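Notes for the one structure printed next.
As the structure is a prediction and not an experimental result, all values here were calculated from the model. Ligands are counted one by one from 1 in listed order, and the atoms in each one are counted from 1 as well. Note: hydrogens, waters and symmetry copies are ignored here, and every other heavy atom, side chains too, is used.
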Amino acid sequence: MISEFDLIAKYFARPVSKADLGAGDDCALLRQTTGLQTAISTDMLVSGTHFFPDTDPEELGHKSLAVNLSDLAAMGAAPVAFTLAVAIPTSNEAWIAPFAKGILALADKHQCELIGGDTTRGPLNICITVFGQIPTGQAIRRDAAKVGDDIWVSGTLGDARLALAHMRKELILPENQFLQVLPRMQKPTPRVELGIALRNIAHAALDLSDGLLGDLTHILDASHAGASLNTDAIPISNILQQQDQVWRLQCTLGGGDDYELCFTAPPEKREQVLDAARQAGVPVTCIGKIEQQPGIRLSNAAGPLEHTGISSFDHFASLKK
Ligand code: ADP
Ligand code: MG
């Protein structure tokens with residue numbers, strides 16, 4: 001068994017360039033830059049609650065950082081650094097090595113430097129704090145949606161929930177389809193470039209981790225507004241397209257773990273939104289409007305959604321992993 005200090009030295013002590021001091025002392029030292037604010041976010045992943053205990057360690061490493069980078073993306077912040085606190089049951093290098101590989105590969109991709117953390121024995125638990133930078137005043141907050149804004153989402157929604165449905169045997173997917181949607185749950189892609197490109201274009205934004213209805217409600221509550229959504233417009237994969245309407249709605253409206261961005265922008269900035277998406281290399285789709293009347297009104301080509309026989313969406317909104 002490797003000792004705690006050897007473990008840190010071997011896997012987690014890394015050279016830094018964006019920070020003035022990284023791991024190895026009592027604190028790391030972050031550099032301040034005039035005109036920039038520091039965006040900070042923490043996410044904890046607990047074994048058995050946020051992931052299955054036998055999850056592939058490399059994918060778990062990726063996901064642990066990805067969900068944190070996704071929060072930076074949702075504010076339009078550029079990643080700078082992160083700290084990593086882990087409780088691990090045993091210092092088993094066969095688990096730690098791929099875990100570190102998964103985390104550090106994504107960190108390198110976004111030039112987000114590991115600057116410190118804590119390592120302890122205990123039930124598997126991973127807690128990351130990320131630090132990002134953003135020009136002062138340009139953060140895309142939840143409380144700035146305006147009546148008349150378009151509501152947009154990136155990528156496609158619902159595949160992570162569809163993969164979970166298969167794993168829980170709520171439905172059965174053909175093996176090849178399951179293998180295509182599984183990475184949406186296990187290896188989410190934080191939309192960092194899109195968030196940055198949306199600075200000064202989007203009014204409000206957040207990342208989708210708990211399902212569109214519940215997450216959009218956070219923007220609406222903070223902005224004192226309501227919304228109408230066209231459920232036909234919600235972008236979904238070819239695989240989810242093959243499911244019946246109830247599952248399509250359940251996965252897109254109530255399904256978590258997609259880590260796409262949901263944002264609002266004024267209609268006159270539509271071309272700028274589409275340019276930002278092209279620049280970031282991820283598609284975006286307009287799915288609705290911010291309105292004065294509180295609440296979320298759903299409709300499709302056939303009319304308001306209650307007319308389709310699906311009346312309550314509290315059910316979908318409250319469906320969690
Ligand atoms: P202290 O007792 O002063 O809090 P520790 O013994 O916990 O310090 O950690 C020693 C050094 O190793 C610190 O600089 C800390 O930031 C770093 N460190 C510990 N665990 C990790 C980790 N999982 N990832 C990165 N750095 C770590
Ligand atoms: Mg100390």
Side-chain angles (χ1 to χ4, degrees), residues 1-33 36-73 75 77-134 186-190 192 207 209 257 259:
M1 286 287 170
I2 185 168
S3 80
E4 177 191 323
F5 290 105
D6 289 345
L7 191 158
I8 294 167
K10 184 165 175 187
Y11 295 105
F12 299 128
R14 304 197 92 210
V16 294
S17 65
K18 290 182 175 179
D20 287 330
L21 185 63
D25 210 316
D26 292 308
C27 292
L29 296 173
L30 276 181
R31 202 171 294 153
Q32 301 301 314
T33 310
L36 297 180
Q37 284 173 312
T38 303
I40 305 170
S41 178
T42 298
D43 258 312
M44 180 148 54
L45 283 87
V46 177
S47 179
T49 303
H50 300 98
F51 59 90
F52 295 109
D54 61 352
T55 297
D56 174 74
E58 191 171 336
E59 286 177 347
L60 182 62
H62 172 101
K63 184 164 178 173
S64 305
L65 183 60
V67 302
N68 279 279
L69 291 175
S70 179
D71 286 320
L72 291 184
M75 299 290 283
V80 174
F82 70 107
T83 60
L84 166 67
V86 282
I88 313 175
T90 58
S91 51
N92 168 11
E93 283 190 85
W95 189 93
I96 293 164
F99 172 75
K101 185 174 173 216
I103 282 209
L104 296 175
L106 185 64
D108 289 347
K109 178 160 185 262
H110 292 282
Q111 287 127 44
C112 191
E113 299 183 336
L114 178 55
I115 55 167
D118 200 18
T119 306
T120 176
R121 196 178 299 278
L124 185 58
N125 183 347
I126 301 145
C127 184
I128 289 180
T129 299
V130 279
F131 303 85
Q133 279 181 334
I134 188 155
Q186 306 276 50
K187 259 194 121 197
T189 305
V192 172
D207 62 323
S209 56
D257 263 1
Y259 296 97

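For the residues A23, A28, G117, the heavy atom positioned nearest atom 15 (C) of ligand 1 is part of G117.
Atom numbering of ligand 1 starts at 1 in the shown order; those under 4.0 Å from a heavy atom of D25 are 13 (C), 14 (O). Heavy-atom proximity to G116, at under 4.0 Å, picks out these atoms of ligand 1: 16 (O), 24 (N), 25 (C), 26 (N), 27 (C). Heavy-atom contacts of T119 reach the following atoms of ligand 1: 19 (C), 20 (N), 21 (C), 22 (C), 23 (N) (cutoff under 4.0 Å). Of all the atoms in ligand 1, the ones that sit under 4.0 Å from a non-hydrogen atom of D26 are 3 (O). With ligand atoms numbered from 1 in the order given, ligand 1 contributes 11 (C), 13 (C), 14 (O) to contacts under 4.0 Å with heavy atoms of G24. If you number the atoms of ligand 1 from 1 as listed, the ones under 4.0 Å from a heavy atom of L84 come out as 22 (C), 23 (N), 24 (N).
Atoms CZ and CD1, from F82 and I40 in turn, are 15.5 Å apart once rounded to the nearest 0.5 Å. Going from atom CE of M75 over to atom CD1 of I134 covers 6.5 Å, rounded to the nearest 0.5 Å. Atom-to-atom distance recorded for L7:CG and I96:CD1 is 4.0 Å, nearest 0.5 angstrom. Between the NZ atom of K187 and the CG atom of L60 there is a distance of 12.5 Å, given to the nearest 0.5 Å.
When heavy-atom distances to ligand 1 are checked against a 4.0 Å cut-off, D118 comes that close through both its backbone and its side chain.
You'll find the side chain of Y11 stays beyond 4.5 Å of the side chain of L104, heavy atoms only.
Paired with D43 under the rule side chain to side chain contact (heavy atoms under 4.5 Å, CB included), one option of I128, L65, D71 passes, and it is D71.
At least one heavy atom of F5 sits closer than 4.0 Å to an atom of ligand 1.
A side-chain donor-acceptor contact under 3.5 Å links E113 and S17.
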